[in-house]
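All remarks here apply to the structure that follows.
Proteins come first, then strands; the chains are lettered A, B, ... in the order of their sequence lines, and each starts at number 1.
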Number of protein chains: 2
Amino acid sequence: MGDEIPVGLARLWRLPAESRLGRPAALDVDQVVQAAVALADRDGLAGVTLGKIAKELGVTSMSLYRYVGSKEELLVLMGDAATGPAPELPAGPGGWRAALHAWAYALRAVHARHAWLPHLPISGPPSGPNAISWMDACLTALRDTALDWGAKVGILTLLSGYVRSSSQLRVDMAEGRRESGLDQPQVEQEYGRALAGLVDAERFPEVAALFTSGLFEQPPADDPDQADFDVGLDLILDGVAAAISAAARA
Amino acid sequence: MGDEIPVGLARLWRLPAESRLGRPAALDVDQVVQAAVALADRDGLAGVTLGKIAKELGVTSMSLYRYVGSKEELLVLMGDAATGPAPELPAGPGGWRAALHAWAYALRAVHARHAWLPHLPISGPPSGPNAISWMDACLTALRDTALDWGAKVGILTLLSGYVRSSSQLRVDMAEGRRESGLDQPQVEQEYGRALAGLVDAERFPEVAALFTSGLFEQPPADDPDQADFDVGLDLILDGVAAAISAAARA
DNA sequence: CGACTTTGTTTACGCCATATAGTTTAGGGC
DNA sequence: GCCCTAAACTATATGGCGTAAACAAAGTCG
């Protein structure tokens, strides 16, 4: 029969092994993944090495291959583990808009907790249990609308992609500030000033105008990325609103 | 004076070197970057190696460090080179919506031509001349609106992030199909079926319903990703429309 | 108790980016 | 026309990486 479950999926879903023969395992997939996640939280994605994970767990690197098929698969496991289950969303009064808003904020918070997460290479559609739970939460927020499945999936993709890429940007810019040693706004201004000098007002009139607008000079608010994030999110939700009322009319 | 231009920026903008002393260079930055781009187009990002680039150009790998500061910097240069200059956008009748639509399509086409491009690690805000030209094109499309700079930048970020992440997804899924050897829809269905078996209808009612909806079973259209892309894009543009009319009212 | 099965280790390989030190090559000043 | 010197380029080496293959160890089952 075709009930073959790919071994990668089996590990993602923590399907228990059946055989009880042979030497018992000293670890399990979760311990390996947790160690890898801890390492990524501390040293970033580039700091995650089979050797370091193994050392952390007191085994040799090769023994890790008893638990994960490859480093690439380990990254997938790390992604699902670090994402964690979706939160409970406000069901009642606010309707879909409040729920999607909360969903996006929660995902963004997860990315803040694991800065490497938005940088993980995507390998296909969501397939881990935690990713599925986020998917379910988003679809639940849209349940009482007239949207068809295609539209719902499109919104899900758009929203998660937006949160992901905006988190990516935030992390990258923070890292750019840090690694240059200087304090935060100094580098930004110096870099911006150098760049502004390169931008020719005839070739790039709008960008030149943007640079002279002072938008990048003003002392940033508590969390400038936060404000940018809200702008884009509200814009998306406005688009969703339009799609919903269009679907209701049809 | 503070007219120091970071050396990385100088290379991005192809600022000519001043000194004419010493042994003349056999290559230039462009040749290195073009070779790297060609390699990435052929073998993917992971196939880009200093050694291979050097062999392609008939030099040793170490000599490449005369042209780029590091591999990371080379990736940035590759990104700007492969992106190329922004296209001319329809200026007249359609207004901002047609222009943004064309902009997004053009960027998506670039990603199709260089599948590795959306996977490049982002390192900060756009700073290469080509990236700036795309930025300028997008801002030009929004010039005759009442939006303030913050909103325009937000829209730019959202739109480019959307195109990027949807291209990422498209490439990853295509690669997932290819590397498993089987033909395209077969793997998709098998994987989907296995996944559907793991999704418990009580734990994930919406996702389970989605799986039984047949959305993933139907023979895909000419380009299914295309349709998904349009859904998200129209949604964003609806959101932009809302923002524009709100700004006009204020 | 011995066969078998599974886990973990040892060892080794090829590849990578890059530091360091030395060598080649041409133009500039005389 | 010839050396000096600065720049381009090469040779060599290092430490790290993921992982293939063969082997040793540690349990269960008959």
Ignoring backbone atoms, establish whether [X] has a side-chain N or O less than 4.0 Å from OP1 or OP2 of [N].
X     : N      : value
A:S63 : C:dT9  : yes
A:S19 : C:dT6  : yes
B:T60 : D:dT10 : yes

query: If we only count heavy atoms from C-beta on, is the B:H114 to B:M78 side-chain gap below 4.5 Å?
result: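 The answer is no, as the side chains (C-beta and beyond) never meet within the 4.5 Å cut-off.
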message: Do A:V48 and A:D43 have side chains that approach each other closer than 4.5 Å (heavy atoms only, starting at C-beta)?
response: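 Result no, sub-4.5 Å side-chain heavy-atom pair not found.
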Whole-Å gap separating [atom2] ([N]) and [atom1] ([X]):
X     : N      : atom1 : atom2 : answer
B:D28 : D:dA8  : CG    : P     : 12 Å
A:R66 : C:dT5  : CZ    : P     : 14 Å
A:L50 : D:dG18 : CG    : P     : 4 Å
A:I53 : D:dG18 : CD1   : P     : 8 Å
B:Y67 : D:dA8  : OH    : P     : 7 Å
B:L39 : C:dC16 : CG    : P     : 10 Å
A:K71 : D:dA20 : NZ    : P     : 15 Å
A:L64 : D:dG18 : CG    : P     : 10 Å

field: Aromatic plane relationship, B:Y162 with B:F229 - under 30° parallel, 30 to 60° tilted, over 60° perpendicular
entry: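 B:F229 vs B:Y162 ring planes: parallel.
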query: Is there a donor and acceptor pair, one atom on the side chain of B:R23 and one on the base of C:dT24, closer than 3.5 Å?
result: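 Between C:dT24 and B:R23, which were checked side chain against base, a qualifying N/O pair under 3.5 Å is present.
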- prompt: Does the C:dG27 base have a donor-acceptor partner in the side chain of B:R20 within less than 3.5 Å?
  reply: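 No pair found.
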query: Would a distance-only check, ignoring hydrogens and angles, find a side-chain to backbone donor-acceptor pair under 3.5 Å from A:Y67 to A:L27?
result: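 Yes, because the side chain of A:Y67 sits within donor-acceptor range (under 3.5 Å) of the backbone of A:L27.
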Which nucleotide, [options], lies nearest any side-chain atom of [X]?
X     : options                : answer
B:P24 : C:dA26, D:dC17, C:dA17 : C:dA26
A:L21 : C:dT5, C:dT9, C:dA17   : C:dT5
A:M62 : C:dT18, D:dG18, C:dT11 : C:dT11
B:A25 : C:dC16, D:dC9, C:dG28  : D:dC9

- request: Could you check A:V33, A:L64, A:V37 and say which one makes a side chain to side chain contact (heavy atoms under 4.5 Å, CB included) with A:I53?
  value: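 Single pass found, and it is A:L64.
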